[in-house]
Enquirer: 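Have a look at this one.
These figures come from a predicted structure and were not determined experimentally. Letters go in sequence order (proteins before strands), and every chain restarts at 1.
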Amino acid sequence: MLARWFLGKVLITHIDGHITSGIITETEAYAGISDRASHAWRGRRSTRTAPMYMAGGVAYVYLIYGMYSLFNIVTGPPGIPHAVLVRAIRPLEGIDIMHQRRKRTGEKGLSDGPGKLTMAMGISCADSGTPLFGKRIWIEDRGIVPDAADIMSGPRIGVDYAGEDALLPYRFICKPGSMVQ
DNA sequence: TATAAGATTTACT
DNA sequence: GTAAATCTTATAT
């Protein structure tokens, strides 16, 4: 499962002149048209989901509930809408910037949710389709590889409506403290 | 053309 | 624990 590979990788953004980065600690896989929980289920396609049909390596950001952005990494070949949703990161650099961006909660809930992390990183729906190896948003492999024993998997969150597909263990979490810098 | 629901978060009871 | 905020897409007139 490709979603597992992203655990431990470092996501970096350079937006509005600010650099922020964090270790990816929680991901969810969305397996194309056969996955009922995916926006691309049954081949659904629109302007919003277009990046998912592009070649892997681009960002798929989209707005949910009119107020929150969710950040995905497209992993499939062109025409196959496979994507990995980044649900949580651990702040690494630019933590003060993140605080500045979200004055809501304190240290605790900085980036432990899909909508929260995009807020903290400064990602918006305008970044959908951005290559992940450019100079605005990119991913670095800093050699952080979580031990297999520290990786937990389980059912996805917030997709109960998807029926049986919601029970698939497509969710991967890195145990806190399992990654040493 | 109009209505309903969603890969969420926050605030209030 | 429950409800509201708010916009895009999908499904129904």
Side-chain angles (χ1 to χ4, degrees), chain A residues 1-7 9 11 13 15 20 22 24-54 56-76 79-91 95 97-130 132 137 139 151-174:
Chain A
M1 185 60 59
L2 210 49
R4 240 184 77 158
W5 182 85
F6 285 107
L7 289 179
K9 296 295 177 292
L11 176 68
T13 64
I15 294 175
T20 53
I24 297 175
T25 57
E26 187 173 342
T27 62
E28 281 182 17
Y30 284 85
I33 60 175
S34 62
D35 188 349
R36 240 183 109 183
S38 170
H39 285 156
W41 174 62
R42 235 173 54 180
R44 298 194 307 208
R45 182 172 191 159
S46 63
T47 307
R48 189 181 65 161
T49 62
M52 268 208 289
Y53 288 84
M54 296 164 59
V58 302
Y60 166 45
V61 184
Y62 90 99
L63 206 60
I64 188 65
Y65 299 136
M67 25 175 71
Y68 296 106
S69 301
L70 274 73
F71 178 72
N72 300 252
I73 300 166
V74 179
T75 61
I80 309 295
H82 282 207
V84 174
L85 166 68
V86 179
R87 285 195 70 86
I89 63 167
R90 172 185 303 193
I95 295 181
I97 301 297
M98 299 184 189
H99 275 286
Q100 197 174 322
R101 282 186 177 135
R102 19 187 357 268
K103 299 173 179 176
R104 292 283 173 200
T105 57
E107 187 90 17
K108 198 176 179 182
L110 239 188
S111 57
D112 59 345
K116 292 180 181 179
L117 84 84
T118 55
M119 226 178 290
M121 303 288 287
I123 298 172
S124 71
C125 52
D127 296 307
S128 197
T130 303
L132 287 173
I137 302 174
I139 288 179
I151 297 178
M152 300 181 295
S153 63
R156 287 173 294 186
I157 302 289
V159 290
D160 296 337
Y161 65 90
E164 293 182 353
D165 286 335
L167 301 177
L168 295 172
Y170 282 177
R171 181 162 170 254
F172 297 93
I173 313 161
C174 227

Enquirer: Whole angstrom is fine here: how far is it from CH2 in A:Trp41 over to C1' in C:dT9?
Expert: 14 Å
Enquirer: Give the C-alpha distance, both sets of side-chain angles, the deciding distance and a yes or no for side chain to side chain contact (heavy atoms under 4.5 Å, CB included) between A:Thr75 and A:Trp5.
Expert: CA-CA 11 Å; A:Thr75 61; A:Trp5 182 85; over 6 Å; no
Enquirer: Please check this pair: side chain of A:Arg101 against backbone of A:Ala120, looking for a donor-acceptor N/O pair closer than 3.5 Å.
Expert: yes
Enquirer: Rounded to whole Å, how long is the line connecting atom CG of A:Asn72 with atom C1' of B:dT8?
Expert: 14 Å
Enquirer: Distance check, C1' atoms only: B:dA5 and C:dA3, in whole angstrom units.
Expert: 16 Å
Enquirer: OH/A:Tyr30 to CG/A:Asn72 distance, rounded to the nearest 0.5 angstrom?
Expert: 8.0 Å
Enquirer: Would a 4.5 Å heavy-atom cut-off, applied to side chains only, mark A:Trp41 and A:Asp35 as touching?
Expert: no
Enquirer: Counting only Watson-Crick pairs (N1-N3 plus N6-O4 or O6-N4) and G-U wobbles (N1-O2, O6-N3), all under 3.5 Å, who is the partner of C:dC7?
Expert: B:dG6
Enquirer: Pairs under 3.5 angstrom, nitrogen or oxygen only, protein versus nucleotides 4-7 of chain C, please.
Expert:
| from | atom 1 | to | atom 2 | distance (Å) |
| --- | --- | --- | --- | --- |
| C:dT6 | O2 | A:Tyr65 | O | 2.7 |

Enquirer: Nearest-Å distance, NZ (A:Lys116) to C1' (B:dA11)?
Expert: 13 Å
Enquirer: Quick check against the 3.5 Å criterion: does A:Thr118 have a side-chain atom that pairs as donor or acceptor with the backbone of A:Ser69?
Expert: yes
Enquirer: Side-chain donor-acceptor pair under 3.5 Å between A:Thr20 and A:Thr13, yes or no?
Expert: yes
Enquirer: Between C1' on B:dT8 and CG on A:Asp112, what's the gap in Å once rounded to a whole number?
Expert: 12 Å
Enquirer: Expressed as a whole number of Å, how far does the P atom of B:dA2 sit from that of C:dT6?
Expert: 22 Å
Enquirer: With a non-hydrogen cut-off below 4.0 angstrom, is A:Phe71 in contact with a base, only sugar-phosphate, or nothing?
Expert: nothing
